[in-house]
Amino acid sequence: MHGNSLPQLGKNPIKEVIAELAVDEKVCLVTGLGMEMPGLPPSFQAPVVGTSESARVPGAAGSTYAVPRLGIPSMVLADGPAGVRISPQRKNDSNSSYYCTAFPIATLLASSWDIKLVEQVGRAMGLEAKEYGVDILLAPALNIHRIPLGGRNFEYYSEDPLVSGKMAAAMVKGVQSQGVGASVKHYVANNHEWNRNTINVVADQRAMREIYLRGFEIAVKEGKPWTVMSSYNKLNGTYTSERNDLLSEILRDQWGFAGFVMTDWFGGRNAVAQLVAGNDLLMPGTARQQEILLEALKDEKLDESVLDKVIENILGTLQKCPVFSGYQYSDNPDLKGNAHIARTAAAEGMVLLQNHHGALPLAGKIRLGVFGNSSYEMVTGGTGSGDVNKAYSVSLLQGLDEAGFSIHGELEKSYPGYISAETAKLPPRQPFTVPARIPERSLPDDEINQIALDTDVALITLGRNSGEFADREIAGDFDLSQAERQLLVSVADAYHRAGKKVVVILNIGGVVETASWRDHVDAILLAWQPGQESGYAIVDVLSGNVNPSGKLATTFAISVDDYPSALNFPGVVLEEAEPNDFTAVLAAKAAEVVYEDSIWVGYRAFNTRKVETAFPFGHGLSYTRFSYGDLRLSSGEFIDELTASVTVTNTGKVAGREVVQLYISAPPGTLVKPASELRAFGKTRLLRPQESQTLSFVITTVDLASFDPVDTMWIADVGEYTIEIGASSIDIRKTEHFQKTEESRIPV
Ligand code: BGC
């Protein structure tokens, strides 16, 4: 048909290309080229064939097999959610560096509630990926913040599936607008790290559809990602990477996903079952998997047509990748421009939690007493695959200094010595792990008193770090340590005695306890982990250069026990169950966690059960005030959709942006429903004082519906619905009602 020439990918139908592949080539195409990781047993080492390409982009998480004679190149896949993660230095190449921009963490991005901004960050990340020769960026990650102790929450957006889904869709669009693929991960119900490679999540259908799958559904339908990454865990007894219902029925048939699915790195157990279920690519790929697949083909336990089908998915996506079109990447992305985007995004996602007596913004070029180890060594992002090898990071001190603030010199000089002395006492840090935190200083009272007299305002930064392989602890992590509490109280007492104000900066990746100490201090700025431009972005907000407009996309509860998920967190070890291969590598045990909290995650639980929080979902202050005009509905009766509009006016003295949240409370029906649920949100442009903007939201039937697990359908009941427009989930400014006279049943 092609004379003597072989069919070529892109020129000839994919099926013809696949028909030319030998069986062992097919096996190589569905298993990545492997990964070098110290301590892996031989069966986990890189595959036998094709390792030559793996070094094209050193430090990238993985790559795929090439078959040059058929025009199939090797794809490069690199993390991650806060920016591209590759090695900054290369062997035999001492003159160049390959740094990437460390953008703010996903939780910060979500707190901006600004979809356009997230898309812009996505474009910047996509461009960096492309210019460094990466084809697929292993981001966004959108697992639900089920409990604040989740070690990777910083990589994820929110406790709410709408916020998670919209943010992820925006990120996917941004990344893919640059011609590189995104990978929506970790699909699904991978909400904590404890025994993550073996844990069986037991969750009910309604919780899955409404909470855990919903964000992925939005991300897939709206973002159209080229790839999806299945998660490590089991769901109701079977690894997600081996579940046909998740990977084929829901993802492809119901949501229309058209790309390929890859496993998480070394995820799952049964390579044959994974491919049969629709998990197209096994990453990073191991020699053992290749042997197993070849044996299964020989023993007729695996049909070659399964390989053909998954290869079709992989090659279909590969054709869109930069490597396929022979893109000549520069290894020289616009790091300067992206630093600017990182700084803007960081400031937009910070949340002013508390601001008594107008403590912020800081007035003029005042004198500051800067306390807290993290003021001197900021946590710019979390650890593990969500980390980024950045060229530099801007400290708070640098930011303050460049903005013209004067800093108490003695105090400033004494911190670095303390930090290095304490750090030297720590055991050496293992690669990929969370660095141990050194204690806060215990400063003598007379010293603090003197500093309080010599300066105008105290800044105290408290820091937290976390990452892959471990969840956070309650003592000294969610809760403040004794030393932190001591520092905070002594500094606050001294400054308040001197009639001066105290500002706490939370440099954290996940929720901490605030209720017990917030009354000691005047202002609390939740800076999250703001990326490489940390110091600049924090000072932008402290100084009022940027008026804070972030709001919480995750609830700050009073105690961990207030989260319903705390009841069975992290789960139990199953002695009798068969362990996964990872038991040897990561000392993981077979384990199980029951999601007894069902749909009662985050504000859905707190607001329905009227549990008081420290700071509720959706909360965030501004340096200005906003008033909300009448809420107008396009109709008092819901037929197929309805538009709600509200005009927001800046009634304060400085320009600012407001996040407007639309909650719907549905009438009672067969299913128990949350008091209200976030169904839409928007953010105004920067409004000058007295300026107004009208925001409109379109409500569709699914926004009224709950998932009925018996009928496997979304059901919107007949009755009266309430629309609430809020400045937070409990600060409701306007309310209207509409009727629905006919029940709607929406198939999945
Ligand atoms: C993480 C993924 C990541 C992969 C590759 C895994 O440990 O769970 O999120 O993309 O490694 O680095």
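We use all heavy atoms of the structure for the numbers below, so side chains are in, but hydrogens, waters and symmetry mates are not. One-based numbering, in listed order, for ligands and for the atoms of each.
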message = Going by the closest heavy atom to atom 9 (O) of ligand 1, which one wins out of Glu468, His186, Arg85?
response = His186

key: Side chain, backbone, both or neither: the part of Met283 lying under 4.0 Å from ligand 1 by heavy atom   = neither

request  = Determine, for Asp79 against Lys185, whether the closest basic-nitrogen to carboxylate-oxygen distance falls under 4.0 angstrom.
outcome  = yes

task = Examine the proximity of ligand 1 to Glu155 and report which part, side chain or backbone, both or neither, has a heavy atom under 4.0 Å away.
result = neither

message = As an exercise, identify every atom of ligand 1 less than 4.0 angstrom from a heavy atom of Tyr232.
response = 6 (C), 7 (O), 8 (O)

request  = Check whether NZ of the Lys or CZ of the Arg Lys130 lies under 6.0 Å from the centre of the six-membered ring of Tyr329 and within 45 degrees of that ring's axis.
outcome  = no

note = To atom 12 (O) of ligand 1, the nearest of Leu77, Asp79, Leu138, Asn143 on a heavy-atom basis is Asp79

inquiry  = Regarding Asp280 and Arg252, does a basic nitrogen lie under 4.0 Å from an acidic carboxylate oxygen?
reply    = yes

key: Under-4.0 Å heavy-atom contact with ligand 1, by part of Glu193 that carries it   = neither

message = One residue to check: Arg152. Relative to ligand 1, which of side chain, backbone, both or neither has a non-hydrogen atom less than 4.0 Å away?
response = side chain

Residue, atom name and distance, where the atom is the protein heavy atom closest to atom 2 (C) of ligand 1 = Asp264 OD1, 3.2 Å

message = Is there a polar contact, in the sense of an N or O pair closer than 3.5 Å, between Trp265 and ligand 1?
response = no

message = Both conditions, 6.0 Å and 45 degrees, for the charged tip of Lys234 above the ring of Tyr239: are they met here?
response = yes

query = Can Tyr212 and Asn191 be said to form a side chain to side chain contact (heavy atoms under 4.5 Å, CB included), step by step?
reply = CA-CA 9 Å; Tyr212 299 101; Asn191 305 93; 3.6 Å; yes

request  = Would you sort out whether Met262 and Thr64 count as a side chain to side chain contact (heavy atoms under 4.5 Å, CB included), showing the intermediate values?
outcome  = CA-CA 11 Å; Met262 70 185 88; Thr64 61; over 6 Å; no

query = So is Phe266 in contact with ligand 1, going by heavy-atom distances below 4.0 Å?
reply = no

